K.L.:
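Sharing a structure with you now.
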There are 2 protein chains.
Amino acid sequence: MSTPSNAPYHHGDLRRALLDAALLILEREGETGLGLRDLARAVGVSPAAPYRHFDGRAGLLEALAVTGFQRFTRAMADVSLSQPSDPLAAMGKTYVLFALNNAALFRLMFSPQLKRDNRPGLRMAADAAFATLRHVSGGDAPAGRIAALAAWARVHGLAVLLLDGQIAIQAGEDIDVLVSQIIENQ
Amino acid sequence: MSTPSNAPYHHGDLRRALLDAALLILEREGETGLGLRDLARAVGVSPAAPYRHFDGRAGLLEALAVTGFQRFTRAMADVSLSQPSDPLAAMGKTYVLFALNNAALFRLMFSPQLKRDNRPGLRMAADAAFATLRHVSGGDAPAGRIAALAAWARVHGLAVLLLDGQIAIQAGEDIDVLVSQIIENQ
DNA sequence: GGGCGCATGTTAACAACGCATACATATATG
DNA sequence: CATATATGTATGCGTTGTTAACATGCGCCC
């Protein structure tokens, strides 16, 4: 009975497996529903195994948020490659659609309790994301701090309101065009 | 030793006391840090006592959110009484300042997991709040759904970004005037 | 190549939590 | 005055995050 064939003692790439499974659980159950024991069960390891790869539950959430910012950065960088006619509007749409397609992850990225115990890794990932945001949007042209913040607020607010289901989608209304209309308004 | 003088068996107004203490803990520790046992300890009752007044932890959070929407509604209604020169901007400022002064409560009010198991009480309180929002802002004048949503998104996004500490406050910068500038931009 | 160090995974235990049930007590009602 | 009901207590169950001690096997060094 010594674990004969499959299920080797060492997993191989447990960290990656944990992150993948955690993302699934996160999007399905929300941040509260993501428990370390559930996660370990889902991957098929012991409850204490994740502690070898993450600094407790907070460490796992941080790692998830970091991957979130990396994807976000990539999505924003890809916008500039497509050479859109209106770069700012295109970026805004990408911003909102990223939030909608990665709801729980997006919320986690901006979670205040993660920001509180500010781990350097998360801070770096977030700074990198916002740096490409600035770079892609204005080409570092200082179009006014106020105007930039106003644009950011409108896009971020739209994302959050849609995410939380506060903006009621009317019958036959397409979210995509609604986002475009709101972003391009004024 | 039969609890001689103080600490009567019945508290008197435990529900109110629980809500007050819960608000304090909420703003100090965040939603995750608000536990029923902690709360009961803080008020000085047994761990099971809160269950007589709230439907478990979710019920407590719902009650807190309802009081939040009531305060929010009141704050918005007070704006119209002051007869400002620019009602929309004044309302926006009130919106953001309410969020900043009731950070955790504001987050709870827009919490998606509370909205999920949509309890009628919370839904009614939220609807009432948004109704006065519409009434005060435009006097029910349909200035265009898109424009209204855009304005809401900008204000809400500004609140959330400030709440999460994403908008860095520069040295010697006053949040109040920054909010005004961003809201009145465009 | 053989032996060993160390990363990796397991087991077991602790405290705290949400929650449900059964019980005690005070208030209100007939 | 008696009893019904609302309110708070006592206790126990199952789960969670976390830690410490133990087991295992991959890979490096001599």
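Remember, it's a predicted structure, so these values are computed and weren't measured experimentally.
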K.L.:
Would Glu62(A) and Arg57(A) satisfy salt bridge (Lys or Arg N to Asp or Glu O under 4.0 Å), going step by step from the backbone distance to the final call?
P.N.:
CA-CA 9 Å; Glu62(A) 181 212 357; Arg57(A) 200 183 109 97; over 6 Å; no

K.L.:
Quick one: are the ring centres of Phe106(A) and His156(A) less than 6.0 Å apart?
P.N.:
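Yes, the ring of Phe106(A) comes within the 6.0 Å limit of the ring of His156(A), centre to centre.
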
K.L.:
Which label fits Phe130(B) and Phe110(B): parallel for a plane angle under 30°, tilted from 30 to 60°, or perpendicular past 60°?
P.N.:
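Answer is tilted, since the angle falls between 30° and 60°.
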
K.L.:
Toward the 5' end of DNA chain D, which comes first, Arg52(A) or Pro47(A), by nearest nucleotide?
P.N.:
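Taking each residue's closest nucleotide, the earlier one in sequence belongs to Pro47(A).
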
K.L.:
Take the protein atom CG of Leu14(A) and the nucleotide atom C1' of dC26(D), then report the distance between them rounded to whole Å.
P.N.:
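About 15 Å, once rounded to whole Å.
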
K.L.:
For the pair made of CG in Leu18(B) and C1' in dG18(C), what is the distance, rounded to whole Å?
P.N.:
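Spelled out: CG on Leu18(B) to C1' on dG18(C) is 15 Å.
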
K.L.:
So, is His53(A) near the phosphate of dA7(C), with a side-chain N or O under 4.0 Å from OP1 or OP2?
P.N.:
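It does not, given that no N or O in the side chain of His53(A) lies less than 4.0 Å from OP1 or OP2 of dA7(C).
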
K.L.:
Return the nearest nucleotide to the side chain of Arg37(B); candidates are dC17(C), dT18(D), dG8(D).
P.N.:
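Closest nucleotide among those given: dC17(C).
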
K.L.:
Between C1' on dT16(D) and CZ on Arg57(A), what's the gap in Å once rounded to a whole number?
P.N.:
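Roughly 10 Å, once rounded to whole Å.
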
K.L.:
For the pair made of CZ in Arg15(B) and P in dG8(D), what is the distance, rounded to whole Å?
P.N.:
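Going from CZ in Arg15(B) over to P in dG8(D) covers 12 Å.
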
K.L.:
Cut-off 3.5 Å, no hydrogens considered: what does the side-chain donor-acceptor table look like for residues 47-55 of chain B, sequence neighbours left out?
P.N.:
{"residue": "Asp55(B)", "atom": "OD2", "partner": "Arg119(B)", "partner atom": "NH1", "Å": "3.4"}

K.L.:
Among dG17(D), dG9(C), dT19(D), which is the nearest nucleotide to the side chain of Ala49(A)?
P.N.:
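Given the options dG17(D), dG9(C), dT19(D), the side chain of Ala49(A) is closest to dG9(C).
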
K.L.:
Once you round it to whole Å, what is the distance between P of dT11(D) and OH of Tyr51(B)?
P.N.:
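My rounded result for the distance is 18 Å.
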
K.L.:
Which one, dT18(D), dA20(C), dG9(C), comes nearest to the side chain of Leu36(A)?
P.N.:
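Selected nucleotide: dT18(D).
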
K.L.:
Is there a side-chain contact between Arg74(A) and Phe98(A) (heavy atoms, below 4.5 Å)?
P.N.:
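When only atoms from C-beta onward are counted, Phe98(A) and Arg74(A) do not touch, as no gap falls below 4.5 Å.
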
K.L.:
In whole angstroms, how far is the P atom of dG17(D) from the CG atom of Leu39(A)?
P.N.:
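The distance from CG of Leu39(A) to P of dG17(D) comes to 9 Å, rounded to the nearest Å.
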
K.L.:
Could you give the CD1-to-P distance, from Ile25(A) to dT16(D), as a whole number of Å?
P.N.:
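Atom-to-atom, Ile25(A) to dT16(D), this comes out as 11 Å.
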
K.L.:
Grab the CG-P distance between Leu61(A) and dG17(D) for me, whole Å please.
P.N.:
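Value for this atom pair: 10 Å.
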
K.L.:
Check every atom of dT16(D), dT18(D), dT9(D) against the side chain of Arg41(A) and return the nucleotide holding the closest atom.
P.N.:
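Nearest to the side-chain atoms of Arg41(A), counting from C-beta on, is dT16(D).
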
K.L.:
Which nucleotide wins on minimum distance to the side chain of Asp38(A), given the candidates dT16(D), dA20(D), dT18(D)?
P.N.:
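Comparing dT16(D), dA20(D), dT18(D) against the side chain of Asp38(A), the answer is dT16(D).
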
